[in-house]
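In what follows, a structure is listed as structure tokens, so that the remarks can point back to it.
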Amino acid sequence: MKIKAAVARAPDQPFEIITCEIGEPGPGEVLVRVKACGICHTDLAVKHQHIPVPLPKVLGHEGAGIIERVGIGVVELAEGDAVLMSFGSCGGCLNCQQGAPFYCDDFGTINMFGQRKGGSALRYRGAELSGHFFAQSAFATHVIATTRNVVKIAADLPIEVLAPLGCGIQTGAGAVLNTLAPRAGTSIAVFGTGAVGLAAIMAAKIVGCTTIIAVDIRSERLAAARDVGATHTIDGQSGDVANQIVKITGRGTHFSLDTTGHPAAVEASVSCLRQRGCAVQVAAPPRGTRYPVEASVIVGRGLTIRGVVEGDAVPNVFIPQLIDLFRSGLLPIDRLTTFFPFDEINRAIDEMETGAVIKPVLVME
Ligand SMILES: [Zn+2]
Ligand SMILES: [Zn+2]
């Protein structure tokens with residue numbers, strides 16, 4: 001069938017919306033009519049080739065929509081189901097079998113490279129078109145996803161608001177709720193207050209962190225951080241950030257989370273910790289990036305430094321929890337989203353890159 005899709009052709013070219021063909025869902029797959037898709041920094045990192053995945057390619061990995069057809073052997077999902085899409089995983093490797101699909105042996109090939117059994121289901125002008133980014137490629141009106149990366153949701157939910165749960169929100173909230181799991185009354189510093197950082201701040205408030213320090217270089221983002229639960233804010237360009245955090249907390253924070261991937265921010269996110277603190281990094285900076293951290297601080301304070309992919313979240317377990325939190329008003333992600341018609345994908349990306357909007361969501365219909 002014919003669909004519309006936005007193709008990334010080269011780092012310096014805008015996305016081009018084309019009409020192309022999509023095939024039928026195979027065993028274990030579903031065809032989803034996309035209603036909305038959030039834009040995440042990983043989409044832009046690939047388009048800009050900071051992550052070297054071959055272009056041209058259809059990107060988009062925070063898709064949400066309605067199942068139109070199911071492939072052979074799919075019994076848990078049916079035509080008409082509302083679904084959110086998240087990252088793909090193989091299901092067979094040791095980490096998948098141990099409940100950690102976010103560290104699937106094939107995470108890169110399935111998600112970044114979009115490898116699908118039988119090749120891409122997309123064709124353009126008679127030739128195969130690369131897709132299946134994060135087992136979806138949801139900058140499109142239709143996608144083929146797998147039962148492993150599709151989460152069924154209730155039909156009465158605002159699906160376009162929830163689309164970013166599949167990656168950005170899951171990453172920030174999961175790094176706090178799943179990885180750090182702070183006790184009530186502890187402190188955390190969050191570096192970078194885009195959608196990921198703001199979701200982390202919401203999560204820190206949910207679990208009862210009593211000191212939540214947001215660091216960013218944009219004053220309007222720091223205001224947004226206060227709006228969703230930050231108790232203190234620091235301008236990232238105002239001098240020694242780690243020292244300011246130590247002054248606020250007395251001995252440093254119990255936890256820190258860096259969403260920026262900037263070496264200076266990561267260094268501060270480690271130096272701001274108190275004894276036995278834990279720093280987590282979730283960003284995907286350009287290949288070759290190195291983080292300068294003070295060795296004596298790591299050993300002397302007994303620190304833990306951890307990287308986290310997709311918030312250590314099993315989508316079918318964690319996304320329903322996030323939806324319950326959203327329904328109860330504790331995870332107000334509707335405050336982060338700005339909607340754009342699919343045709344205006346390039347304007348949405350411009351406004352994301354200038355910081356005018358926090359989480360752009362494309363609406364396909
Ligand atoms: Zn696996
Ligand atoms: Zn993402």
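Values below: all heavy atoms of this structure, side chains included; hydrogens, waters and symmetry mates excluded. Start at 1 and go down the list; that is how both ligands and their atoms are numbered.
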Regarding E353 and H48, is there a side-chain donor-to-acceptor distance under 3.5 Å anywhere?
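Yes, H48 and E353 have a side-chain donor paired with an acceptor closer than 3.5 Å.
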Would you tell me whether T147 and E29 have side-chain atoms, one donor and one acceptor, within less than 3.5 Å of each other?
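Judged by distance alone, the side chains do not pair up.
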Return yes if some donor-acceptor pair links the side-chain N/O of H61 with the main-chain N/O of T42 below 3.5 Å, else return no.
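Absent.
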Using the six-membered ring wherever Trp is involved, compare the ring planes of F87 and F107 and label them parallel, tilted or perpendicular (cut-offs 30° and 60°).
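Ring orientation, 0 to 90° scale: tilted.
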Measuring to the Zn ion (ligand 2), does H41 have an N/O/S atom at a distance below 2.8 Å?
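Checking H41: none of its N, O or S atoms is under 2.8 Å.
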If I take the Zn ion (ligand 2) as the centre, what angle separates the SG atom of C40 from the NE2 atom of H61? Nearest 10 degrees is fine.
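The angle at the Zn ion (ligand 2) comes to 110°, rounded to the nearest 10°.
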C93 atom SG and C96 atom SG as seen from the Zn ion (ligand 1), angle to 10 degrees:
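It is 110°, given to the nearest 10°.
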Please calculate the SG(C104)-the Zn ion (ligand 1)-SG(C90) angle and round it to 10 degrees.
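It comes to 100°.
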